[in-house]
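Reading through the structure tokens given below for one structure.
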Amino acid sequence: MKLVNPFETEGKWFKANLHCHSLASDGDRTTADRVVQYRERGYDVLALTDHRITHDITAFADDGILVISGMEDHPDCYFGGDMYHFVCLNVPFGFERDLPADANDRISAVRQAGGEVILAHPYWCGHNVNHVMAVSGYIGLEVYNACCTPIGKGYSSVVWDDVLAEGRVVPAVAVDDTHYSDRDMCKGWTMIKAKELTIEAIMGALRCGCYYATNGPEIKTLTIADGKAKVTCSPVKEIHFMSRRSIGLSIYAEAGQTLENAEIDIRPDACYVRVELVDETGLRAWSNPFIVDADKQ
């Protein structure tokens, strides 16, 4: 997958939650209430992703927030154990009927219908790099899922890095996966860079990784050029430049201080670089991976 650098792309930043549930499946609010909740909290984009249920979103067309029709699907995993959880975005109303049984065939069906799939909470599912590599055609995975934090499995960054190390270039989102308003809401979001707030523009940005994920910190600029990686950000305690296997570099603020920028030299064998920030409360932000040497993927 060829990804773009959102920090070097024209457009505006839009705050999005790409995974939530309502009373139509196992959430605690109606779909209309969910839309109001996120609009009032300053979100620009909300995907309605109830389990195997789609929604007619025409009622939300003029609601001050872009609502995306979606659903969460659960095909069997090729290795047994827990099923895959697919967040299907931009699928038509009624699409949940008559899906093929095979996981890869389901992704193909979603794409043929004009939608896209994000792989949900792999750590929570008990899925490792082999499970994730067995399916293809998805455009991202969840590096953070707020609903999974009560059992300590909200972060899937290790699985993500393992997939990247195998040479599959996939970006990552952060989501609420809202079921319970008081527990899950506004805990993880995706900042999408697009030219306008339309379905076409937002889906286009998601397809090429024009965004970053966060549950707190802000990434302001990020460049990968001339053998260097440079980042500026909101005040944080840690800046991690992550790459494959043992390659990377972490920078820590001194006691009582914070960091707002960092720069490193990129090793020729790095293959990819992504940035991960950690603030003083432990909240994080994740850039998408930048390929620095495609020949070494």
Side-chain angles (χ1 to χ4, degrees), residues 1-4 16 18-21 24-25 45 47-57 67-143 145 156 159-160 162-164 166-173 175 177 190 192 194 198-211 213 288-289 291 294 297:
M1 181 185 298
K2 185 177 181 179
L3 305 183
V4 303
L18 301 173
H19 190 171
C20 79
H21 298 275
S25 61
V45 181
L48 300 175
T49 57
D50 280 300
H51 300 279
R52 291 300 306 273
I53 296 169
T54 56
H55 297 281
D56 182 356
I57 63 170
V67 178
I68 298 176
S69 172
M71 72 172 190
E72 186 171 356
D73 187 34
H74 311 285
D76 288 337
C77 179
Y78 295 114
F79 297 85
D82 284 3
M83 300 175 292
Y84 290 112
H85 286 232
F86 292 165
V87 173
C88 306
L89 301 176
N90 196 39
V91 292
F93 180 45
F95 177 77
E96 69 271 16
R97 303 181 183 92
D98 301 322
L99 282 170
D102 180 81
N104 278 300
D105 289 344
R106 290 200 192 186
I107 294 176
S108 296
V110 170
R111 300 188 72 181
Q112 289 170 9
E116 300 289 354
V117 169
I118 291 173
L119 195 62
H121 44 63
Y123 185 27
W124 183 90
C125 287
H127 293 165
N128 60 32
V129 62
N130 297 315
H131 300 82
V132 177
M133 294 294 289
V135 290
S136 61
Y138 52 90
I139 62 167
L141 60 78
E142 292 178 353
V143 65
N145 182 301
S156 292
V159 178
W160 184 26
D162 287 345
V163 172
L164 293 171
E166 289 297 315
R168 180 170 293 180
V169 182
V170 58
V173 301
V175 303
D177 189 4
T190 303
I192 302 172
T198 63
I199 292 288
E200 293 75 17
I202 294 299
M203 291 302 299
L206 289 172
R207 289 184 178 106
C208 65
C210 198
Y211 59 84
N288 282 325
I291 302 304
Q297 291 185 47

What one should report as the nearest heavy-atom pair of Ala109 and Leu99 is CB-CD2, 4.2 Å
>> Can you confirm whether Tyr123 is buried at OH, in the sense that more than 12 heavy atoms of other residues, nucleotides or ligands lie under 6.0 Å from that atom?
In response: no
Inset, instruction - Could you tell me whether the side chain of Ser156 and the main chain of Val159 form a donor-acceptor pair under 3.5 Å? - result: no
Distance col, row Cys208:SG vs Met203:CE, nearest 0.5 angstrom, shows 11.0 Å
Point to revise | Thr54 side-chain N/O to Glu96 backbone N/O, donor-acceptor pair under 3.5 Å | key: no
Looking at Leu3, is its backbone amide N or carbonyl O close enough to the side chain of Asn288 to form a donor-acceptor pair, meaning the two atoms are under 3.5 Å apart?
no
Side chain proximity check, Arg106 to Pro100, heavy atoms < 4.5 angstrom | yes
Between the main-chain N or O of Glu116 and the side-chain N or O of Arg111, is there a donor-acceptor pair closer than 3.5 Å?
no
Query raised in the report: Short question: side chain of Glu142, backbone of His121 - any donor-acceptor pair under 3.5 Å?
Result: yes
Arg168 side chain vs Val132 backbone, donor-acceptor pair below 3.5 Å = yes
Report yes or no: does Asp50 contribute a side-chain atom to a donor-acceptor pair with the main-chain N or O of Ile53 at less than 3.5 Å? no
Exactly one candidate in Asp73, Ile118, Thr49 meets side chain to side chain contact (heavy atoms under 4.5 Å, CB included) with Cys88; the answer is Asp73
- prompt: Is a side-chain donor or acceptor of His19 paired with a backbone partner of Leu48 at a separation under 3.5 angstrom?
  reply: no
Nearest heavy-atom contact between His55 and Phe93 is C-CD1, 3.5 Å
**Report entry** Heavy-atom check, side chain of Tyr84 versus side chain of His127, under 4.5 Å
**Finding:** yes
Note: Ala103 and Phe86 closest approach over all heavy atoms is O-CE1, 3.6 Å
Q. Where the side chain of Asp56 meets the backbone of Ser69, is there a donor-acceptor pair that is under 3.5 Å apart?
A. no
May I ask you to test the Asn130-Tyr78 pair for a side-chain heavy-atom distance under 4.5 Å?
no
Can you confirm whether Pro122 sits close enough to His131 that some side-chain heavy atom of one is under 4.5 Å from a side-chain heavy atom of the other? no
